[in-house]
Every structure is written in C-alpha cells, then in structure tokens.
Number of protein chains: 2
Amino acid sequence: MSAEPLSRPRIVAAAIDLIEREGADAVSMRRIAADLGVGVMSLYNHVPNKAALLDAVAETVLSGIEFTDDPDADWTDRVRMQARAFRQIAHHYPRCTMVVVSRQLQSTAGLLPVERALATLRSAGFDGEEAVRILRMFIAYIVGSLLREVGVTPTFAPVHHAEVDVAKVDPVLFPQTNALAAELGSCDHESEFEFGVELLVQAIAVRRERRGG
Amino acid sequence: MSAEPLSRPRIVAAAIDLIEREGADAVSMRRIAADLGVGVMSLYNHVPNKAALLDAVAETVLSGIEFTDDPDADWTDRVRMQARAFRQIAHHYPRCTMVVVSRQLQSTAGLLPVERALATLRSAGFDGEEAVRILRMFIAYIVGSLLREVGVTPTFAPVHHAEVDVAKVDPVLFPQTNALAAELGSCDHESEFEFGVELLVQAIAVRRERRGG
DNA sequence: TTGACGTACGTACACCGTACGTGCCACGCT
DNA sequence: AGCGTGGCACGTACGGTGTACGTACGTCAA
C-alpha cells in the first residue's frame with residue numbers, strides 16, 4: 001500500500017501525529033501500526049519496545065528546537081531567547097510535551113540545549129559551578145511552566161481553562177483563594193512565562209554584579 | 001481475613017504503598033485488590049475508576065503537607081518554609097510525586113497550600129494579581145525541581161545518579177558539557193533547591209522594594 | 001542454485017480496566 | 001416475625017494492551 005518501506009523515523013512520526021491528534025493515552029503499538037497500514041509486529045523490527053519508541057518521540061520533538069543564538073547580543077537576551085525556544089516546541093507539540101518531560105534522556109538532542117545554555121552563561125562570566133546551578137534552575141522553571149501550560153489533559157477535554165471553579169471555593173476557609181478567583185481562573189501563559197523568565201534573568205544579573213562580574 | 005471492611009481510605013493507602021514499593025507502573029486494580037486480599041471488583045464499590053483512585057492518591061499525598069506557618073516570621077522566611085513543605089512530601093513519597101504533579105486537581109487538599117501562599121504574599125504587600133503571578137512562578141519552579149529530583153524513574157532502577165555519562169559526550173561538539181561533566185553528573189538536590197528558592201525570594205523582594213512596598 | 005538474512009506478518013499469552021449479574025447480609029418497616 | 005431493600009463482595013466476561021515466538025517471503029552473496 002504505502003510505497004516507503006517502514007522505517008524508524010516513519011514510526012516515530014506516526015506516533016507524534018497520533019499523540020497530537022488524540023493524546024498520549026491513545027498511543028498503542030496496534031494503533032500506530034494501523035495508522036501506518038502495517039502489521040503490529042512489524043514495528044518491532046525497527047523499535048525494540050514501546051518505551052524506546054516514546055523515548056524516540058521525546059528525542060525527536062526535542063531536536064526540533066530552533067535556536068537562533070546571536071553571539072553579539074547581550075547575554076540576558078540570549079538567555080531569554082533560549083528559554084523561549086523551549087516554550088516554542090511545547091507550543092508546537094502541545095500533547096507531546098508531557099511525554100518529553102516525563103522521560104529523562106541523555107541523547108545528543110537533549111544535550112545540545114544544555115551545551116548552548118552553558119556556553120551562554122560562561123560567556124556571561126559565571127563560573128562552571130554557578131552556570132550549572134543556574135541552568136538547572138531555569139530548566140526546573142521551564143519544565144514546571146510548560147506542564148502547567150499544557151494542562152496535563154489526559155482526555156480530549158477542550159482545555160478546561162478555569163483552574164479554580166469559583167462556585168466551589170468556600171469563602172470562609174479560603175478567603176484569599178476566593179477573593180482572587182478571577183486572577184486564578186484565567187492565565188495568560190505567554191505573559192506568565194515571560195514574567196518568570198524576566199524575574200530569573202534579573203535575579204542572576206544582580207547576582208553577577210554582586211560577584212563583581 | 002482482614003478484620004476491617006474495605007474502605008476508600010484503605011484502598012488509597014494500599015495504592016500509595018504499592019506505588020512507593022514498586023513504582024507507579026505497577027499499579028493495577030487487580031494488584032491493589034490482591035494486596036488487600038480482596039476481589040478486584042470490590043474496589044469499584046468505593047472508587048468509581050482507576051483515574052479517580054489516582055486522583056485520590058494525589059490528594060491524600062498532597063494533604064500530608066505539614067505547614068508550620070509562623071505569622072510573626074518575616075514573609076521571606078514564610079515563603080521559604082512553604083516551598084520546603086512541598087519538597088518534604090516529595091521526599092516522603094518519592095514515587096508518588098510524579099502521580100501528584102501529573103494530575104491537576106481542584107480539591108481542598110490542593111487549595112490549602114494555594115490559600116496559605118496567597119495569604120503570605122498579600123501580607124507581604126503584593127497586590128492580588130502580583131501574588132497570583134508570583135505563586136504560579138514558585139509552583140512552576142517547585143514542580144520542575146521535584147520532577148528532576150524524583151528522577152522520573154519508570155522502572156525499579158536504583159536512582160541512576162549521573163545525569164550525563166562522561167564517556168559518551170563528544171568534547172568537540174559539546175565542549176562546555178564535557179568540561180562541566182563533573183558538575184552535571186552530581187547534584188545535591190537539597191542545596192540546588194535552596195539555591196533556586198533563595199534566588200526567587202530575593203528577586204521578588206527586590207521587586208517589592210522597587211514598587212515601594 | 002543455494003543459502004542466509006532481514007523484514008512483514010499472524011498467532012498466542014498474560015495482563016489490563018471495567019460492565020454486568022449474582023448472592024449474601026444487615027437493616028427498617030409492617 | 002416476616003419481608004423488602006439496599007449495599008457490599010465477588011465471579012465472569014469482553015475488548016483492549018505489550019510483546020514473545022514462529023513463519024513466510026523478499027533480496028542479495030557465494
């Protein structure tokens with residue numbers, strides 16, 4: 001039926017497509033095989049098992065990050081850009097994001113952003129230990145932000161936007177939560193993300209100056 | 001066999017036990033029933049389905065947070081304490097952490113920390129909108145940190161400690177990563193977490209002063 | 001020509017979540 | 001006391017899952 005002869009990249013692409021269309025829960029070897037018009041066990045000629053397939057999905061998504069690093073720009077701008085690059089892929093493959101962050105992988109795809117970030121921080125004057133600490137903090141913040149943004153919707157629910165259902169919060173037990181229900185209920189992910197990145201960038205900038213960079 | 005008559009709390013406790021002993025992947029209704037010495041379908045008299053059971057697990061774990069909030073303490077200390085409280089439960093239920101962060105729940109268990117944090121931030125002089133933004137940023141950082149700390153080990157692997165395998169990194173393509181392999185390979189989660197919290201606390205403290213709080 | 005090898009595929013097994021029906025028992029009402 | 005009723009434990013069964021294994025069919029080397 002299909003001219004091309006079934007390959008690992010084709011299988012991974014089908015998996016990514018399926019995840020984006022129907023969510024990570026819909027992924028099964030049988031389903032992917034069906035989407036490719038192929039027998040189930042044929043997949044195992046190219047992929048050792050399902051876990052490895054999901055790892056490959058994560059790696060492929062991660063390697064799609066577009067880094068437009070400008071060495072002449074201010075280091076703070078470069079940090080900002082790299083943070084946004086992570087968020088871009090999460091925006092491009094929203095349903096895959098959970099898969100990506102769920103599996104830690106030490107492939108070159110995951111290492112390239114690390115290399116870029118470390119280089120940027122070193123060029124900003126931070127020593128190795130500090131660069132690693134700062135990188136880890138940024139990664140933690142970005143991962144946490146993307147998880148919130150993606151919403152971790154297990155089903156096909158149309159992105160239930162309200163974090164807090166106003167009607168259900170007891171004003172006596174939770175006065176603050178109730179008073180701020182409007183703010184808690186809506187969330188501009190873009191500006192929220194930028195707010196955090198800005199705070200972090202300025203915090204490490206202050207730290208750099210104080211150290212006498 | 002068992003004297004007590006099967007109840008929702010007993011089921012949830014068995015699930016938590018199982019997750020901590022063998023990981024989240026080992027959880028199945030049959031397995032939980034077997035651990036309780038009970039028929040599989042008996043569980044469904046107390047829990048509508050597996051997803052709801054995992055939600056209950058998350059809620060139970062989350063409600064185990066011990067808040068020792070001191071209203072007389074400096075607001076920065078209170079923020080630090082609340083951040084550490086989150087990390088404590090992740091330390092106490094390491095394998096459950098992924099389950100907790102994977103499911104967003106709007107129960108009172110999840111709302112109480114929110115209420116506490118908002119109250120603290122409001123008492124520090126931040127207005128509602130800012131308090132929500134800051135809270136979201138802290139949650140993102142904490143969630144991201146805990147995910148890294150937990151390691152997201154799907155199998156029973158003995159907490160593979162090295163993030164970067166030194167031998168596999170090409171020094172030409174990844175000079176920074178290679179040079180900092182030692183720092184990247186080991187991670188004192190405690191001090192790493194504190195570093196981030198401190199940076200965030202100081203960043204929002206600066207922001208508060210600048211605003212004229 | 002023949003052998004080996006890689007690939008596609010079907011079958012089979014153990015396990016999963018859970019819908020459904022059945023029997024038991026403890027209770028409230030008459 | 002007799003009876004109805006409702007909740008709980010349980011067995012069975014169905015459609016799904018990952019994947020081990022055996023098989024058949026290409027293509028290419030000797």
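Side chains are part of it too, since the values below use all heavy atoms of this structure and drop only hydrogens, waters and symmetry mates. Lettering follows sequence order; numbering is per chain, from 1.
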I'd like to know if [X] pairs up with [Y] as an ion pair, taking the criterion as any Lys NZ or Arg NE/NH1/NH2 lying under 4.0 Å from an Asp or Glu carboxylate oxygen.
X        : Y        : result
A:Glu149 : A:Arg87  : yes
A:Arg21  : A:Asp35  : yes
B:Glu183 : A:Arg133 : no

Residue whose nearest DNA chain C nucleotide is more 5′ - A:Ser42 or B:Arg31: A:Ser42

For [X] and [N], what is the distance between atoms [atom1] and [atom2] respectively, to the nearest whole Å?
X       : N      : atom1 : atom2 : result
A:Leu43 : D:dG18 : CG    : P     : 10 Å
A:Asp25 : C:dC16 : CG    : P     : 17 Å
B:Met29 : D:dG11 : CE    : P     : 16 Å
A:Glu22 : D:dG16 : CD    : C1'   : 15 Å
A:Tyr44 : C:dA8  : OH    : P     : 15 Å
B:Asn45 : D:dG11 : CG    : P     : 13 Å
B:Asn49 : C:dA19 : CG    : P     : 8 Å
A:Lys50 : C:dC16 : NZ    : C1'   : 12 Å

Answer yes or no: are there more than 12 heavy-atom neighbours, outside B:His46 itself, under 6.0 Å from its atom NE2? yes

On DNA chain D, nearest-nucleotide positions of A:Ala26 versus A:Met41: which is more 5'? A:Ala26

Compare side-chain N and O positions of A:His46 against OP1 and OP2 of C:dG6 and report whether any pair is under 4.0 Å apart. no

So, under a plain 3.5 Å distance rule, would you say the side chain of A:Arg30 forms a donor-acceptor pair with the base of D:dG16? no

